[in-house]
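Encoded as structure tokens, the structure appears first; notes follow it.
Just so you know, ligand 1 is whichever comes first in the structure, and atom 1 is the first atom listed for that ligand.
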Amino acid sequence: MAIERVGIVGSGIMGSGIAEVAAKAGVTVVLRSRKQESADAMVAALGASLAKQVSRGKLDEAEAGVISDRVSATADLDALADSDLVLESVVEDLDVKRQLFGELDRIVKDGAILATNTSTLPVVEMAIETGRPERVCGIHFFNPAPMMSLVEVIRTLVSSDETIAEAHAFAQGAGKTSVEVKDEAGFIVNALLFPYLNNAVRMLENGTASRDDIDAAMKGGCNFPMGPLALLDLVGLDTSLSILDALYEEFKDPNYAAVPRLRRMVAAGLLGRKSGEGFFDYRR
Ligand SMILES: NC(=O)c1ccc[n+]([C@@H]2O[C@H](COP(=O)([O-])OP(=O)(O)OC[C@H]3O[C@@H](n4cnc5c(N)ncnc54)[C@H](O)[C@@H]3O)[C@@H](O)[C@H]2O)c1
């Protein structure tokens, strides 16, 4: 089945970026948030991102107009009924996602793919909330979605070959490199990345080195584009904590046990860029 109409659920860090990627690939996009204002804000963020690309000469103005015209915003889940693919990108919480999959299954036309952008959670647990578990898979974008070239396609034990092939075709049609991975917590990237990020927080907590020196060391010593503490701020410390908790729950590996400082920062509302402060201060 050709994917021509995509619904995106969730207006957080990832939602509008994924919408931009899909709209640039030529599909019609309906963005859904629980509040109309947040849905409208996602469309505005997408418009601002396109305008920046026009001002940098990376996109011409007419093209940017065509791309924005493909995107609309709604607070109504029913508006996703005609989608060929719905990709949810709501909070990293299994109960919330399970409930959403049940609702989407009732609303979205038969045969459509229901996919999750989860970073770590078991996709099959979302699939079994639906009457079409073979049409459920993970399509995991990276942050920021328009810039990052990778998409992980997550195959559950019950995903059909057609579903997986269509998910790869969607990702590749959007100009991404897609890799396939089993439905195991963290998939490829986060299973390898998060012990490193967690250990950077441990090093800071132990006083081994300062925040700035830890980040400078990994940039200069490994040629990483950003240090681990800045990356945690970009991902969001609440999302990072949920990722670590899901990894620890699955593997019981101490490298995945979230360092107390991370948990305390989330409790304090220090969530990184999205709240204005995390390891670094973004308000100034
Ligand atoms: N942040 C990243 O770097 C990143 C990268 C790849 C994938 N992801 C995944 O994408 C998903 C969204 O992450 P994000 O960083 O955009 O999160 P975020 O915290 O920025 O946004 C979460 C969104 O979920 C919505 N939400 C919260 N509770 C809800 C509920 N009960 N019902 C419906 N919606 C609800 C919020 O309104 C918000 O729009 C998560 O599954 C996360 O693991 C995140």
### side chain to side chain contact (heavy atoms under 4.5 Å, CB included), paired with R261, selected from R263, R264, M265
M265

Starting from [atom], locate the nearest protein heavy atom and write down its residue, its atom name and how far away it is, to 0.1 Å.
atom                    : value
atom 8 (N) of ligand 1  : S119 OG, 3.3 Å
atom 1 (N) of ligand 1  : V235 O, 2.9 Å
atom 18 (P) of ligand 1 : K274 NZ, 3.6 Å
atom 41 (O) of ligand 1 : E92 OE1, 2.6 Å
atom 38 (C) of ligand 1 : G12 N, 3.9 Å

#### Entry: Proximity winner for atom 9 (C) of ligand 1, if only heavy atoms of T239, I13, N117 are counted
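Selected option, by shortest heavy-atom distance: N117.
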
### Task
May I ask which of Q99, H140, R34, M14 has a heavy atom nearer to atom 26 (N) of ligand 1 than the others do?
R34

I want to know if ligand 1 touches [X] in the polar sense, i.e. an N/O pair below 3.5 angstrom.
X    : result
F142 : no
S89  : yes
G15  : no
L234 : no

Could you list which atoms of ligand 1 come closer than 4.0 Å to a heavy atom of [X]?
X    : value
S11  : 39 (O)
F141 : 6 (C), 7 (C)
T118 : 41 (O)

### Ring centre gap for Y248 and F194 strictly below 6.0 Å
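No - the distance between ring centres of Y248 and F194 does not fall below the 6.0 Å cut-off.
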
More than 12 non-hydrogen atoms from neighbouring residues, nucleotides or ligands closer than 6.0 Å to [atom1] on [X], yes or no?
X    : atom1 : value
L157 : CG    : no
M203 : CE    : no
Q99  : CD    : no

#### Entry: Side chain, backbone, both or neither: V96 near ligand 1, heavy atoms under 4.0 Å
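Only the side chain of V96 comes within reach of ligand 1.
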
### Message
If we set the cut-off at 4.0 Å for heavy atoms, which region of V91 has an atom near ligand 1: side chain, backbone, both, or neither?
### Response
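Both backbone and side chain of V91 come within 4.0 Å of ligand 1.
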
### Query
Can you list the steps and then say if F279 with L237 is a side chain to side chain contact (heavy atoms under 4.5 Å, CB included)?
CA-CA 9 Å; F279 292 102; L237 301 196; 3.9 Å; yes

#### Entry: ligand 1 contacted by K97 (non-hydrogen, < 4.0 Å)
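In this structure, K97 qualifies as a contact of ligand 1 - some heavy atom is under 4.0 Å.
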
### Task
Please state whether the rings of Y256 and F251 are parallel, tilted or perpendicular, taking 30° and 60° as the class boundaries.
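Geometry flag for F251 against Y256: tilted rings.
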
### Message
Strictly below 4.0 Å, N to O, side chains only: are R132 and D105 in salt-bridge contact?
### Response
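Yes, this pair counts.
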
#### Entry: Any donor-acceptor pair under 3.5 Å from E92 side chain to S119 backbone
yes

### Query
Do Q53 and E20 have side-chain N/O donor and acceptor atoms under 3.5 Å apart?
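Distance-only check passes for Q53 and E20.
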
### salt bridge (Lys or Arg N to Asp or Glu O under 4.0 Å) partner of D84, the single match among R5, K109, R135
K109

